[in-house]
Structures are given as C-alpha cells and as structure tokens.
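A quick write-up on the structure given underneath.
Within every chain, numbering begins at 1; the chains are lettered A, B, ... in the order of the sequence lines, protein sequences first and strands thereafter. In this text the structure is predicted, and so the values were computed from the model without any measurement.
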Amino acid sequence: MNFWFSVFRQTGRNLRQTWTTQFMTCLTVSLSVLIFSFFYLIYLNMLNAGDKVSDDLRLVVYLEEEPGPEMQEQLRNKITQFDQVQEIKFISKAEAYSRFAEELGDNRDVLTDMPTDFLPASIEVTPLKNLRSLNQIKLFSEYLATLPGSQKVQYGQKWVERFYYFTQLLSIVVLLSGFLLILTATFMVASTIRLTIFGRQEELELLKLVGATNNYIRTPFLLEGVLLGFMGSLLGLASLYTLFQWTLRHFSGAGFLDLFTFTFFPPEIICTIVILSIILCTAGSYASMQKFLRI
Amino acid sequence: MTETTASSRTAMIEVIKVSKSYPPNVTALSDISVSIASGEIFFLIGRSGAGKTTLLKLLCNMERPSNGLIEVAGMNIHQVTGNKLAKLRQKVGVAYQDFRLLTDRTVAENIAISMEVSYKKPQIIRSRVRSLLAQLQLEDKHDILTGDLSRGEQQRVALARAVANSPTLILVDEPTGNLDATSTAQVMELLVRCSKSGATIVIATHDETLYRHSTHRVMKLHNGTIASLTSGNDQGAGATGGGGDEI
Ligand SMILES: Nc1ncnc2c1ncn2[C@@H]1O[C@H](COP(=O)(O)OP(=O)(O)OP(=O)(O)O)[C@@H](O)[C@H]1O
Ligand SMILES: [Mg+2]
C-alpha cells in the first residue's frame with residue numbers, strides 16, 4: 001500500500017518537473033497512433049467493402065461442351081484444389097437458354113428461330129467472401145482457364161484488379177505506419193524518460209544510497225510510460241473519431257461514400273490499440289531505466 | 001547483563017587488510033584492519049586527506065576496496081547486490097561530508113527520504129521528522145528548501161536524515177564542522193541517544209572536543225595507514241600520539 005503511495009507521489013513529481021517534455025511526447029505518441037489508426041481504419045473499411053462487392057463477384061467459365069455428371073465431379077474437384085470456394089454451379093445449355101429468355105422478357109420472340117442449345121454451358125464459381133480470395137482472383141481466373149474444356153473465363157477484371165492493388169498498397173501503408181508507431185512510442189518515450197532521469201540523477205543516486213530497491217526507483221518511471229501510452233493512444237483515437245464523425249457529416253449523401261457503410265473500430269480493436277501503445281511506451285521507459293540502474 | 005556483554009563482543013564492522021587506491025596512483029588507504037563492536041561509538045580522526053572519508057565510503061559500499069575484506073553485520077558488503085543490498089543500506093545511515101541534500105526539496109522531505117524507501121507509514125514519518133527537528137532546534141525550518149539553509153543547518157539536516165530510519169549502523173562524516181558549541185552538543189546528544197538504542201556509530205571528525213573527554217575508541221589515520229588506535233582506557237596516550245604526528 002505504502003509502496004504505491006510512494007510510487008504515485010514520485011510519478012507526480014516527475015510529471016510536474018518535466019511536464020512540457022512529457023506533454024510533447026504524449027502528443028507525438030498520439031499523432032503516431034492517429035496516423036496508424038487512420039490507415040488501419042480505412043483498410044478495415046476496405047475489407048468490409050470488399051466483402052460487399054464480392055457479393056456480385058462471380059467467375060464464369062464457359063465450356064466447350066456440356067459436362068456429364070462424372071465430368072462435373074472432376075471439374076468440381078479441380079476447382080476446389082485451387083482454393084476453397086463458396087459455391088460452384090453448373091449451368092447447362094438449356095438453363096442458359098431459359099435464363100436468357102427470361103432476361104429478354106417481352107422480347108423473347110427474337111429467340112424463336114434459334115436452337116435452344118446455341119448458348120454455351122458454363123460453371124459459375126463464387127469465391128469465398130474474404131480478401132484473400134479476392135486478391136487471388138486473377139490467379140484463380142488463370143487457373144480456371146486451364147480446366148479441361150474451358151473456353152473463356154469472365155469476371156469484373158479491371159475493377160477487381162484495381163481493388164486488389166489498392167488494398168495491397170493500403171496494407172503496406174498500414175504496416176509502415178504501424179512501424180512508425182512502434183518507433184516513436186518506444187524511442188520518444190525512452191528518450192523522454194532518459195531526460196527525466198538525467199534531470200533527477202542526483203536524487204536517484206541518493207535513493208540508491210539510502211537503500212531504495214530497484215523497483216522503488218523504477219516503478220514511477222514505468223508508470224509514466226503507462227500513462228504516456230494510455231493518454232497518447234486515447235488522444236490519438238479520440239481525434240480520429242472526431243475526424244471520422246466530421247467526414248461522415250460532410251460527405252454522406254455525396255454518393256461515393258454510400259457505396260460503403262463506413263464504420264469506426266469495434267471496441268476490441270480500440271482496446272488492442274490502447275494496450276499496444278501502453279506496452280510500447282512502458283517498454284521504452286523500461287529500457288531507459290535499465291540503462292540507469294545498471295550504472 | 002549477559003546481553004550487553006554479548007552485543008559488545010559481536011563485531012558490527014570487520015575491516016580486514018583493506019587498501020584503496022584511486023587511479024592513477026593515489027593510495028587513499030593501505031592495509032587497514034579494525035574491528036568495531038556492535039553498539040560502539042568509534043571516532044576516526046586524522047589530517048585532511050588522511051583517508052577518513054574514503055574509509056566511510058568503503059563501509060557504506062559507495063566505493064569498493066582495491067584489496068581486503070569488509071564485513072558489516074556479518075556480510076561481505078561488496079558481494080551483496082540487488083534487493084539485499086538495498087535492505088542493508090536501509091539499515092546503514094550515512095551523513096555525508098558534502099551532505100548530499102536535495103536542495104530543491106524541503107527539510108522535511110529530505111529527512112523523510114530515508115524512511116520512505118523502507119515504506120514507513122506517513123504518520124510515523126511525519127512525527128519522526130518533527131521530533132528530530134526539535135532535537136536539533138530546527139523546528140522552524142520544516143518547510144524551507146534545504147538549498148536556502150546555512151551550511152550548519154544543512155549539516156544537521158543531513159545528520160537527521162542519516163538517523164531518521166533508526167539504522168543499526170550510523171556513519172557520520174564531519175558532523176560538526178560548521179557548528180557552534182551548543183549545536184555541537186545537540187548533535188552529540190542525538191548521536192548518543194541513537195547509540196543507547198543500539199546503533200553502532202562511526203564518526204569521522206577534526207573536532208577534538210568531541211572525543212577528548214570521552215571513553216570511546218579513537219582511530220587516527222595518517223596518509224592512509226593507522227597512526228594510532230586508542231582504547232577507551234589509554235585515552236591520554238592516544239591524544240599525545242596524535243599530537244606528535246601532526247608536527
Ligand atoms: N575519487 C577520488 N579520486 C582520486 N583521489 C581521491 C578520490 N577520493 C579521495 N581521493 C584521495 O584520497 C585521499 C584521502 O581522501 P579522503 O577524502 O578520504 O580524506 P579525508 O581524510 O576525508 O580528508 P578531509 O578531512 O579533508 O575530509 C586524498 O589524498 C584524496 O585526494
Ligand atoms: Mg573527508
């Protein structure tokens with residue numbers, strides 16, 4: 001009990017003595033949390049959007065001949081060899097004809113002179129609704145083209161490719177900003193704590209001499225790291241949330257945002273970001289403290 | 001009765017053939033051996049530069065001996081590390097020659113430090129600080145920054161911090177250098193009170209009045225060696241020997 005009393009008082013002293021540096025560090029941490037979570041939020045929403053869009057995403061493999069039941073089974077096996085898929089549907093020539101006729105509606109009489117098997121049979125492959133299969137769609141289509149009897153593979157190529165590159169790029173940006181977050185959180189905090197230690201070297205030396213344990217000396221500084229991580233990440237996330245709300249208010253109804261429903265982080269991810277930044281900041285503080293205690 | 005004899009026989013400090021040299025070639029202490037009993041008041045005298053402070057620094061593990069062995073309370077203090085060392089240091093109060101006060105803290109905060117590290121209750125710390133300040137007639141300085149105090153006042157605050165946590169060993173370096181006769185008497189009174197409650201006390205001093213009429217042992221250092229060691233009984237001989245060395 002008394003231990004924590006001393007620790008809190010000591011932390012208070014630290015903060016009072018070097019509050020400007022602490023404040024700047026807190027801002028830096030929150031800025032890097034903001035940058036990281038900004039890109040991460042966009043990335044997550046892209047994944048969501050990808051889910052939605054892939055509802056309409058189907059690969060259609062046109063076949064030279066209508067496969068018999070045995071052949072269908074073989075094709076099915078070959079397709080699932082490449083990847084798990086959500087659905088494989090065989091469309092016979094007759095089915096294709098009646099579907100087409102239905103689509104024509106009132107104009108179906110143009111078909112009267114046509115044989116009912118003039119449309120090719122096909123396989124409709126619906127990939128799983130996740131980003132991995134979306135990213136692989138090009139490869140998948142190339143694979144499908146090599147199936148025996150396949151004539152042509154169709155899908156929303158351009159769109160999917162762009163989406164694919166964009167999410168790839170975004171994931172790299174997320175990684176980079178995450179890396180930035182790690183660097184700033186640990187190194188900035190480490191150097192701030194080192195500054196604080198430097199400013200109080202005399203006192204810390206004395207504490208050692210009068211028999212303070214390492215924990216007694218260290219804990220206030222670790223607590224400072226925890227505080228910096230907590231405040232920094234909270235501030236960063238709060239500003240992101242404000243930005244998010246602002247964007248929603250100003251761009252909703254403008255059209256393109258309606259395509260996706262933008263959502264903020266779920267609570268689990270918020271907690272994870274906060275905890276992660278606390279851990280990083282505390283690690284930075286710990287590293288500085290170890291250096292001092294070893295001297 | 002038996003208890004007293006037992007405690008006076010057990011050694012609080014054992015110094016065995018200790019030498020200390022500083023780079024490049026300053027020999028501060030050479031081949032010092034002495035044993036100080038638990039509960040004893042022990043004086044350490046000698047001219048400036050004789051090695052008094054060096055010996056005290058070795059005793060509180062601020063410096064390591066170049067040679068030899070030092071045991072405090074039966075432990076080789078230079079092999080103790082970590083929390084054990086911290087525990088040991090909590091039981092050793094040191095009043096440094098250069099005070100080592102935190103000049104941007106108040107008198108009360110400075111004295112409290114040695115008790116805070118061993119997690120004494122705040123009420124206990126507060127009353128102990130007040131009683132020590134009263135004994136040293138510094139009551140009115142309770143909330144003054146130690147940086148604003150006179151040398152003599154700082155010296156007494158340093159002493160108060162050393163004895164505050166009721167350590168079993170008290171090392172005092174030049175406790176009365178800046179003090180008048182009355183304050184000196186108060187300081188000695190305080191130290192004697194600590195001794196009566198069982199503490200072993202080592203005092204390094206130039207002030208002859210502190211030990212002249214006492215029956216305590218006095219060790220005189222000269223250029224890092226023991227010039228004389230008087231026992232409580234042959235007090236006069238030691239004083240004469242000391243006079244001879246100084247010429
Ligand atoms: N850190 C050091 N580096 C080099 N030499 C040192 C160091 N500390 C002490 N000395 C030398 O060791 C010798 C003993 O010094 P010490 O401080 O023990 O003397 P002292 O007896 O306490 O003197 P005073 O009465 O002036 O306090 C001196 O010659 C001093 O110059
Ligand atoms: Mg000295």
Side-chain angles (χ1 to χ4, degrees), chain A residues 1-23 192-224 226-227 282 285-295, chain B residues 56-57 59-63 72 77 80-96 98-106 109-126 146-147 157-158 160-171 173:
Chain A
M1 211 60 253
N2 246 310
F3 173 74
W4 287 107
F5 177 75
S6 313
V7 164
F8 285 130
R9 189 180 40 203
Q10 200 73 357
T11 311
R13 278 182 191 149
N14 286 357
L15 292 180
R16 224 177 309 141
Q17 207 164 43
T18 53
W19 71 271
T20 34
T21 343
Q22 310 272 358
F23 185 66
T192 310
I193 299 287
R194 204 172 308 134
L195 261 181
T196 318
I197 292 172
F198 193 71
R200 317 189 52 175
Q201 196 142 23
E202 201 188 356
E203 181 190 348
L204 298 179
E205 294 290 350
L206 181 75
L207 281 175
K208 274 197 207 170
L209 287 178
V210 296
T213 55
N214 277 356
N215 273 339
Y216 185 94
I217 298 176
R218 182 163 44 199
T219 313
F221 289 93
L222 295 187
L223 196 66
E224 225 174 297
V226 171
L227 269 181
T282 313
S285 161
Y286 187 81
S288 279
M289 216 49 227
Q290 281 314 90
K291 235 179 241 166
F292 171 79
L293 288 175
R294 233 177 284 128
I295 295 167
Chain B
L56 291 184
K57 279 182 178 168
L59 292 180
C60 69
N61 204 358
M62 259 175 84
E63 301 270 7
V72 172
I77 52 168
V80 182
T81 53
N83 282 355
K84 261 196 170 156
L85 177 62
K87 278 274 169 315
L88 182 66
R89 279 174 163 169
Q90 287 172 15
K91 290 279 117 202
V92 180
V94 189
Y96 302 94
D98 51 358
F99 310 151
R100 288 177 182 258
L101 295 173
L102 303 174
T103 49
D104 55 348
R105 301 276 184 85
T106 67
E109 285 174 325
N110 268 278
I111 298 175
I113 282 182
S114 61
M115 290 180 276
E116 283 168 3
V117 297
S118 52
Y119 309 127
K120 291 276 184 320
K121 287 205 177 71
Q123 313 87 278
I124 294 179
I125 293 179
R126 242 173 281 139
T146 53
V157 174
R161 185 184 63 197
V163 303
N165 201 29
S166 313
T168 50
L169 173 60
I170 300 173
L171 307 174
D173 201 346

Please state whether the side chain, the backbone, both or neither of A:Leu206 comes within less than 4.5 Å of a heavy atom of chain B. side chain

Between A:Ala212 and B:Val117, the two heavy atoms sitting closest are CB-CG1, 3.5 Å

Side chain from CB out, backbone as N, CA, C, O: work out which of these in [X] comes under 4.5 Å of a heavy atom of chain A, or both, or neither.
X        : result
B:Leu101 : backbone
B:Lys120 : backbone
B:Asn165 : neither

For the candidates B:Lys121, B:Lys87, B:Glu116, which exhibits the highest count of non-hydrogen atom pairs separated by less than 4.5 Å from chain A? B:Glu116

B:Arg100 and A:Glu202, any side-chain heavy atoms less than 4.5 Å apart: no

Between A:Arg9 and B:Glu109 (salt bridge meaning N to carboxylate O under 4.0 Å), is one present in this structure? no

Answer key: most heavy-atom pairs under 4.5 Å with chain B among A:Leu207, A:Thr213, A:Leu209 is A:Leu209

